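In what follows, a structure is listed as structure tokens, so that the remarks can point back to it.
Order of listing sets the numbers, starting from 1, for every ligand and every atom in it. Quick note: numbers below take in every heavy atom, side chains included, and nothing from hydrogens, waters or symmetry partners. The structure displayed is predicted, hence computed values, not measured ones.
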Amino acid sequence: MPSRISDAVRDHSLLVDHKHLDLNLVNELPDSHAWTPLNDNPSGDSCTRESVPIIDLNDPNAQNLIGHACKTWGVFQVTKHGIPINLLNDIESAGMSLFSLPIQQKLKAARSPEGVSGYGVARISSFFPKRMWSEGFTIVGSPLEHARQLWPQDYTKFCDLIEEYEKEMKKLAGKLMWLMLGSLSLGITKEDVKWAGPKGDFKGAGAVLQLNYYPTCSDPNRAMGLPAHTDSTLLTILQQSNISGLQVLREGIGWVTVPPVHGALVVNVGDLLHILSNGSYPNVTHRAVVNRTQHRLSIAFLYGPPSSVQISPLSKLVDHGHLPLYRPVTWSEYLGTKAKLFNKALSSIRLCDSLNGFSNENDHNSVKIG
Ligand SMILES: C=C1C[C@]23C[C@@]1(O)CC[C@H]2[C@@]12CCC[C@@](C)(C(=O)O1)[C@H]2[C@@H]3C(=O)O
Ligand SMILES: O=C(O)CCC(=O)C(=O)O
Ligand SMILES: [Fe+2]
């Protein structure tokens, strides 16, 4: 078995340039991609009855169900969300056609070292000693330049579809924001979240679209599609096609598989909503595993506030008994901190509990004192 990328190249001529291995052509897992075996088999495959809640957005009780899911899991699946199924299918096909391009073509749209958008491995890869079994394509704003490089003759279809998908996702994200905030405390209104705008439609919100592709893998227990992380967002809406792979970490249980449900979308709490909720909603840790027989595609809509807005615990959640757990931070500042500190970013902006003289029992990230 080739033990390093360089060996893989020599043996199989699979390396496209000095750092890109075409995972679709690799027969054996190179050492560079071999993680410690995943013997933490998810409870989704064993006997636990705990599963990520599935909530029908038309259910009159949806807000309470969402509130409970956010407090206990930090993640839920939504059905009857109003996104047309054709749009979900179309974006999936567009993603598949992108990742099916020859690697030399995809590399024409490679993310630049300082850039955010384009083709490449997920940004967090630099924090891990082993490489991921996945490819990514990140879209911020218009994908026009990169789409032109990928499909010189026929790029407008892709761009129009992305525009339509982002428009629909933004609408859904705004609706979810009110449902998630409304179940935190009675009476949270537009006055409490001024940056939601006069109509309360979060018009100025920011978003990034991330397409993830996980090729089949001969040794899935030693490979990792996307390692454990939290999203640096308010919330993320994930479309995970019909192949399983997403797992969430549940305190006291371990890794739980989020089973694909036809037409459903996965919604997870990101770091910024954790801050806004003053620690009441856990920013769920999640990862993507791979499998031997079926490649997998996922599409993440990463939703955040306008870049200059300071996010801090909602004032209605703060009083003498509940001091703010985090200092204010903008999305841009937080992304910069995350890029440097990764999973220590949140604690770097945390206000000191011992100074506050208390520990919030609702805060799933807190270390209990005393
Ligand atoms: C806005 C962003 C969130 C993200 C980093 C980024 O600047 C652009 C890509 C996003 C993504 C998608 C895949 C998983 C993730 C952890 C990563 O490596 O890149 C997220 C980042 C994040 O949420 O921190
Ligand atoms: O592919 C998945 O299921 C997870 C993707 C993800 O976590 C992300 O894009 O942030
Ligand atoms: Fe994620």
Flag [atom] as yes if some protein heavy-atom distance to it falls below 4.0 Å, otherwise no.
atom                    : answer
atom 21 (C) of ligand 1 : no
atom 4 (C) of ligand 1  : no
atom 15 (C) of ligand 1 : no

Give me the nearest non-hydrogen protein atom to [atom] as residue plus atom name, then the distance to 0.1 Å.
atom                    : value
atom 10 (C) of ligand 1 : L302 CD1, 3.8 Å
atom 17 (C) of ligand 1 : R123 N, 3.9 Å
atom 23 (O) of ligand 1 : S232 N, 2.8 Å
atom 8 (C) of ligand 1  : V116 CG1, 3.8 Å
atom 1 (C) of ligand 1  : V208 CG2, 3.6 Å

Q.
Suppose you place the vertex at the Fe ion (ligand 3); what is the angle out to D231 OD1 and H286 NE2, to 10°?
A. 90°
(Q) Quick check for you: to the nearest 0.5 Å, what is the distance between Y119 atom OH and L101 atom CG? (A)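 So the OH of Y119 and the CG of L101 are separated by 9.5 Å.
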Q. Roughly how far apart are M169 CE and I299 CD1, rounded to 0.5 Å?
A.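 Nearest 0.5 Å value for the CE-CD1 distance: 8.5 Å.
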Q: Taking the side chain as every heavy atom from C-beta outward, state whether L29 and C217 have any pair of such atoms under 4.5 Å apart.
A: yes
(Q) When you compare the side chain of F301 with that of L265, does any pair of heavy atoms fall below 4.5 Å? (A) no
Location of contacts on [X] toward ligand 1, heavy atoms closer than 4.0 Å:
X    : answer
H229 : side chain
I124 : both
L335 : side chain

Name the orientation class of the two ring planes belonging to [X] and [Y] (parallel below 30°, tilted from 30 to 60°, perpendicular beyond 60°).
X    : Y    : answer
F128 : F342 : perpendicular
W151 : F158 : tilted
W133 : H33  : perpendicular

**Q.** Close-range residues for ligand 2, whose non-hydrogen atoms fall below the 4.0 Å threshold
**A.**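 For ligand 2, the residues that come within the 4.0 Å heavy-atom cutoff are Q210, N212, Y214, L226, H229, D231, L238, L246, H286, A288, R296, S298, A300.
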Q: Inspect the surroundings of CD in E163 and state if more than 12 heavy atoms from other residues, nucleotides or ligands are less than 6.0 Å away.
A: no
Q: Show which atoms of ligand 1 fall inside a sub-4.0 Å distance from at least one heavy-atom site of A122.
A: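 Counting from 1, the qualifying ligand atoms are 18 (O).
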Q.
Need the ligand 1 atom indices (1-based, order shown) with element for anything under 4.0 Å from a heavy-atom of D231.
A.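 Matching atoms, with element in brackets: 23 (O).
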(Q) Looking at D219 and R292, is there a salt bridge between them, counting it only when a charged N and a carboxylate O are closer than 4.0 Å? (A) no
Q) Do H274 and Y326 have side-chain atoms, one donor and one acceptor, less than 3.5 Å apart? A) yes
Q.
With carbon and hydrogen excluded and only N/O/S kept, which atom of H229 is nearest the Fe ion (ligand 3)?
A. NE2
Q: Determine, stepwise, if the pair R327 / E333 fulfils salt bridge (Lys or Arg N to Asp or Glu O under 4.0 Å).
A: CA-CA 12 Å; R327 70 165 174 81; E333 187 199 343; 2.9 Å; yes
Q: Report yes or no: does K203 contribute a side-chain atom to a donor-acceptor pair with the main-chain N or O of G197 at less than 3.5 Å?
A: no
Q.
I'd like to know whether ligand 1 has T233 as a neighbour, heavy-atom separation below 4.0 Å.
A. no
Q: Run the numbers on D160 and K157 for salt bridge (Lys or Arg N to Asp or Glu O under 4.0 Å), then give the verdict.
A: CA-CA 5 Å; D160 293 347; K157 214 168 49 182; over 6 Å; no
Q: Please list, chain by chain and in numerical order, all residues satisfying salt bridge (Lys or Arg N to Asp or Glu O under 4.0 Å) with K190, sequence neighbours excluded.
A: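 Not a single residue meets the salt bridge (Lys or Arg N to Asp or Glu O under 4.0 Å) criterion with K190.
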